[in-house]
Amino acid sequence: MSSKIGVLISGSGSNLQALIDNVENGNIHGEIAVVISNRENAYGLERAKKHNIDAVFINQKHYDSLAKFNNAILEELKSHQVDLVVMAGYLKILSNKFIETYRNKIINIHPSLIPSFCGKGYYGIKVHEAVIEYGVKLSGATVHLVNEEADNGPIILQEAVEVEYKDTAETLQQKVLKIEHKLLPLAVKYFCDGKIEVNDRKVKINIKE
Ligand code: GRF
């Protein structure tokens with residue numbers, strides 16, 4: 001049975017685009033059932049519509065708590081029978097009930113090598129600014145499962161990029177995004193193919209060599 005994927009976004013949705021492309025070319029054996037954004041003008045919603053995918057804006061201002069806002073997202077996901085949730089540049093915290101409902105079925109992409117430059121306050125360009133300022137020689141991208149702590153769940157895939165002396169936060173962001181567009185679809189493909197085995201913090205990917 002093919003997985004039904006729900007994608008959460010807040011912005012441009014270039015990672016969403018990478019997922020759409022990999023579904024359409026048959027690399028991911030799944031279907032993007034719905035794209036949900038917490039921002040009305042997120043370009044990712046347009047990307048979804050162009051590919052005839054249901055695109056939904058849910059306005060947090062209409063709910064008086066994070067829990068209720070998350071319940072509204074959960075309702076939308078359930079109505080599309082979603083079995084895998086992908087956070088592709090979604091900049092909000094998920095409620096505990098959300099995480100419990102989709103335990104080990106929520107994938108997030110983070111633009112650094114976790115556990116460096118992650119957690120509260122590290123999002124978007126801020127991650128790359130912190131990397132440049134610290135002067136590390138390697139950064140990269142991490143795809144991981146989501147648990148109750150920000151950027152803390154079991155790691156599925158990581159890949160490094162070199163941080164060059166001449167790099168700015170913006171040039172580094174572009175380099176890392178290139179990797180993200182490869183790693184996120186690959187992790188989703190593994191999930192849809194049932195290749196991901198989670199043992200405490202460690203993830204085993206069951207592919208035949
Ligand atoms: C990516 O760098 C992702 O890692 C981070 O937010 C950015 C989203 O970019 N969480 P896009 O919306 O997929 O273009």
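Atoms within a ligand are numbered from 1 in the order they appear, just like the ligands themselves.
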* **Option with minimal heavy-atom separation from atom 6 (O) of ligand 1, where the choices are Ala42, Ser112, Gly89** =>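 Comparing heavy atoms across Ala42, Ser112, Gly89, the nearest one to atom 6 (O) of ligand 1 lies in Gly89.
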* Asked: Who gets closest to atom 12 (O) of ligand 1 by heavy atom: Ala88, Gly13, Gly11?
  -> Gly13
* Give the residue, atom name and distance (to 0.1 Å) of the protein heavy atom nearest atom 10 (N) of ligand 1. =>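 That would be Ile109 O, 3.4 Å.
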* To do: For atom 9 (O) of ligand 1, grab the closest protein heavy atom and report residue, atom and distance to one decimal in Å.
  =>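 Here the closest protein heavy atom is Asn15 ND2, 3.8 Å.
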* Asked: Distance only, no hydrogens: is a donor on one side chain within 3.5 Å (strictly under) of an acceptor on the other, for Asn15 and Gln17?
  -> no
* To do: May I ask you to list the atoms of ligand 1 that are less than 4.0 angstrom from any heavy atom of Pro111?
  =>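 Numbered from 1, ligand 1 contributes 2 (O), 4 (O).
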* Per-atom contacts of ligand 1 with Ser14, taking only distances under 4.0 Å to non-hydrogen atoms -> 11 (P), 12 (O), 13 (O), 14 (O)
Throw together a table of side-chain donor-acceptor distances under 3.5 angstrom for residues 51-60, partners on residues two or more places apart or in other chains.
residue: His51; atom: ND1; partner: Glu24; partner atom: OE1; Å: 3.4
residue: His51; atom: ND1; partner: Glu24; partner atom: OE2; Å: 2.7
residue: Asp54; atom: OD2; partner: His80; partner atom: NE2; Å: 2.8
residue: Asn59; atom: OD1; partner: Lys61; partner atom: N; Å: 3.0
residue: Gln60; atom: OE1; partner: Lys92; partner atom: NZ; Å: 2.9

* Is Lys175 paired with Asp167 through a side-chain N to carboxylate O contact shorter than 4.0 Å? ->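 Salt bridge: yes.
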* Asked: For atom CD of Glu133, is the number of surrounding heavy atoms from other residues, nucleotides or ligands below 6.0 Å larger than 12?
  -> no
* Quick one: look at Glu180 and ligand 1, take heavy-atom pairs under 4.0 Å, and tell me if it's side chain, backbone, both or neither. => side chain
* If you look at every heavy atom in Ala169 and His128, which pair is closest and at what distance? ->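 Closest pair (atom of Ala169, atom of His128, distance): O-CB, 3.6 Å.
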* Residues two or more places apart in sequence or in another chain: which of them pass salt bridge (charged side-chain N to carboxylate O under 4.0 Å, His left out) with Arg201? -> none
